[in-house]
2 protein chains.
Amino acid sequence: MSRGPASGSSPTIPDVARRAGVSTATAARALGGYGAVSAAAREAVLAAAEELGYRRNELARSMITGRTNTIGLVIADIENPFFAGAARGVSDAAREAGYEVVLTNTDEDPDAERSIVRVLLSKRIDGLIVAPTSPDAEHLVAARQAGCPVVLLDRRLEDFAVDTVLVDNVAAVRDVVDRLVGAGHRRVAMVTGALSYEERRAGLPGISTGQDRVDGFLTALADAGIAEPTTYLRTGAHSPEQACALTEELIALPDRPTAVFASNSRVALGVLKAIREAGLEVPRGISMVGFDDADWTSVVTPPISVVAQPAHALGRQAAELLLARISGDEEPPRLHMMATNFLSRASVAPPPPES
Amino acid sequence: MSRGPASGSSPTIPDVARRAGVSTATAARALGGYGAVSAAAREAVLAAAEELGYRRNELARSMITGRTNTIGLVIADIENPFFAGAARGVSDAAREAGYEVVLTNTDEDPDAERSIVRVLLSKRIDGLIVAPTSPDAEHLVAARQAGCPVVLLDRRLEDFAVDTVLVDNVAAVRDVVDRLVGAGHRRVAMVTGALSYEERRAGLPGISTGQDRVDGFLTALADAGIAEPTTYLRTGAHSPEQACALTEELIALPDRPTAVFASNSRVALGVLKAIREAGLEVPRGISMVGFDDADWTSVVTPPISVVAQPAHALGRQAAELLLARISGDEEPPRLHMMATNFLSRASVAPPPPES
DNA sequence: CTGAAAGCGCTTACAG
DNA sequence: CTGAAAGCGCTTACAG
């Protein structure tokens with residue numbers, strides 16, 4: 001019997017070739033399923049590979065082909081169910097196309113994002129899907145220049161024109177406000193993780209999605225003839241706890257809001273908690289609407305009306321666009337807006353009579 | 001000025017060396033921070049690298065060193081907050097040690113798991129953390145034989161003795177049942193995704209964690225002198241919807257249970273929904289306890305008492321053990337059990353008087 | 001401290 | 001259809 005590879009290390013193509021009694025070129029062709037190989041040679045090689053437990057070293061292969069069949073997914077918060085759903089959408093589409101996805105989490109930290117992108121590029125991934133955590137696109141521009149296509153998910157970047165997949169946040173929030181105003185509310189609050197107007201004017205780095213939702217809120221209120229639309233706007237809610245504290249403030253106001261809009265499902269959790277702890281009843285004492293159809297929103301009493309994003313479809317779409325770019329698509333970049341869906345449940349009622 | 005690399009492709013060490021006027025060996029040493037390089041040479045090389053925008057090709061480097069500084073994390077359900085938390089723990093610990101983590105999701109599909117492990121191995125990751133989705137450990141045994149250390153997270157494998165990190169599920173559930181029995185309950189139900197006893201006897205592949213929780217439930221009930229502990233056991237709840245349906249069945253029983261234990265937070269969601277839809281009040285009409293401190297459990301009314309697992313710490317521990325193995329730790333494998341914490345909230349009361 | 005050269009495990013023209 | 005050989009971008013003894 002021919003000698004196997006040095007024990008400890010994995011068998012290589014020369015090991016397989018030796019055992020099958022062919023050249024490494026023939027073995028490589030049989031193993032790779034390319035080029036021309038006689039049936040006899042192929043069988044001998046495959047058998048030898050089986051016996052040796054050969055596994056191709058993708059690293060070596062990628063060095064030659066320049067492709068890794070892997071895409072990098074950089075999301076901002078893996079504990080946000082929206083991103084978990086989007087990540088599944090990306091993975092499903094990628095896997096169908098024979099690609100693996102490397103999922104990474106920035107935790108909304110721009111430095112972490114830069115470093116992650118650098119590492120992914122050095123591993124020569126074929127493309128990148130990112131939910132950017134700051135308006136600074138320098139590292140993404142660099143990635144693109146290095147030949148790595150980039151698709152943006154959930155968040156636009158003014159300075160970086162690439163395929164971007166998200167929902168029409170302005171319209172979705174306008175719709176929420178219209179419904180609330182339509183139900184008779186005039187004192188409508190919003191709790192969000194976005195920046196305040198002062199912060200934006202001061203040039204702090206904000207995220208398009210948060211800003212769009214705030215803009216939708218403010219313009220809809222203004223259009224409804226409400227004088228000071230920012231009165232009940234509370235920004236900077238980056239966790240359920242912060243959202244809870246901000247909502248407590250709102251509830252403590254002399255003219256407290258009669259309806260609260262929560263800009264994502266983690267904020268909604270904090271809003272609901274504050275409402276509960278204040279002893280108010282939804283919707284009789286106060287109305288509320290959330291963003292993102294987190295699983296718990298339909299189970300609480302009352303079920304919360306929300307704007308549902310097609311998280312899975314957004315992820316899938318982002319992956320498909322990226323895959324097309326990887327395959328050489330040179331069309332000008334587009335903004336892909338998908339529809340949201342208002343799920344009317346039982347958390348909205350007219351304002352309480354005494355207000 | 002010296003010529004740069006062929007445009008389009010990334011600059012390589014020879015490109016940098018040429019521009020700095022040194023050999024590739026010297027450039028490689030300066031860039032890699034190893035070996036001996038004069039200050040002058042180092043500066044010239046670093047400057048040239050900067051100008052060219054050189055980024056090391058980690059693929060090529062890994063081929064030489066045999067290390068990728070990457071660990072693979074294979075979890076079963078990314079939409080389960082427990083796994084999301086554990087994944088963050090793994091990432092935090094790995095990143096601190098200079099490792100990247102490749103996160104993948106099997107969706108509880110053993111075939112997907114096998115295929116994912118194969119791909120990860122072919123990419124020559126340095127180690128693997130997996131929450132196995134079936135008792136079949138063949139592919140993991142193979143990984144280990146190929147020199148890739150493996151650590152198990154959340155789930156034991158009888159046939160595969162490696163470091164395993166989880167909680168004492170039997171004890172945790174026994175504790176829940178004891179509390180319920182202590183409050184006066186005799187008709188205690190459990191809804192779980194685990195296999196039934198029949199399925200286990202028929203040799204179907206089950207997961208240790210589910211089985212342990214069922215065992216804890218059954219033995220605690222038997223110890224409390226309850227005759228037919230399986231009466232209110234409902235298995236096969238793999239989604240909130242299925243859990244909801246099973247709970248509806250339980251509630252429809254002539255002698256319906258007075259307390260329900262949900263074996264994880266997604267099951268708890270379905271259980272709560274069914275209870276709500278049946279018009280029962282927690283805890284006055286029925287008591288309930290969940291597993292895993294999902295964020296919504298403290299926000300619903302009443303807040304649900306749960307067994308909290310230290311998800312983040314479990315992930316971190318798994319990563320640290322794996323990193324130690326990668327660094328050559330040869331100790332015999334151990335089972336690391338971390339403590340759970342019963343969070344007593346407001347979902348448990350004595351059984352309703354009429355029952 | 002520096003450089004020429006071999007080699008990691010593959011793929012791929014190029015001849016035959 | 002098959003094989004000898006070059007090469008992907010690095011690292012690393014080995015001389016000097």
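Quick caveat: nothing in here was measured; it's all calculated off a predicted structure. Residue numbering restarts at 1 for every chain, and letters A, B, ... go by the order of the sequence lines.
For the side-chain hydrogen bond (donor to acceptor under 3.5 Å, both in side chains) test, residues two or more places apart in sequence or in another chain that qualify with A:Asp126 are A:Thr68. Contacts of B:Arg88 classified as salt bridge (Lys or Arg N to Asp or Glu O under 4.0 Å), with partners at least two apart in sequence or in another chain: A:Glu79, A:Asp107. Applying the salt bridge (Lys or Arg N to Asp or Glu O under 4.0 Å) criterion to A:Asp77, with sequence neighbours excluded, gives A:Arg266. The side-chain hydrogen bond (donor to acceptor under 3.5 Å, both in side chains) check on B:Tyr99 picks up B:Arg67, with sequence neighbours excluded.
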Distance-only check: which donor-acceptor pairs under 3.5 Å involve side-chain atoms of residues 153-161 of chain A, not counting sequence neighbours?
residue: A:Arg155; atom: NH1; partner: A:Glu108; partner atom: OE1; Å: 3.1
residue: A:Arg155; atom: NH1; partner: A:Pro132; partner atom: O; Å: 3.0
residue: A:Arg155; atom: NH2; partner: A:Glu108; partner atom: OE2; Å: 2.9
residue: A:Arg156; atom: NH1; partner: A:Glu158; partner atom: OE2; Å: 3.1
residue: A:Arg156; atom: NH2; partner: A:Asp212; partner atom: OD1; Å: 2.7
residue: A:Arg156; atom: NH2; partner: A:Asp212; partner atom: OD2; Å: 2.4

Just distance, no hydrogens or angles: give the donor-acceptor pairs under 3.5 Å from side chains in residues 328-338 of chain A, sequence neighbours left out.
residue: A:Asp329; atom: OD1; partner: A:Glu331; partner atom: N; Å: 2.8

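A:Thr70 and B:Lys123 form a side-chain donor-acceptor contact under 3.5 Å, judged by distance and modelled atom types alone.
An OP1 or OP2 oxygen of C:dC1 is reached within less than 4.0 angstrom by no side-chain nitrogen or oxygen of B:Ser38. Phosphate proximity of D:dG3 to A:Thr26: present, with a side-chain N or O under 4.0 Å from OP1 or OP2.
DNA chain C contains the following stems of three or more consecutive Watson-Crick or G-U pairs, with both distances under 3.5 Å: C:1-3 with D:14-16, C:5-12 with D:5-12, C:14-16 with D:1-3.
Sorted by first and then second residue, the side chain to side chain donor-acceptor pair (under 3.5 Å) pairs involving residues 20-34 of chain A (not counting sequence neighbours) are A:Ser23-A:Thr26.
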How does each nucleotide of nucleotides 6-13 of chain D score, in 5' to 3' order, for protein heavy atoms under 4.0 Å: base (B), sugar-phosphate only (S), or none (-)?
-BBBBBBB
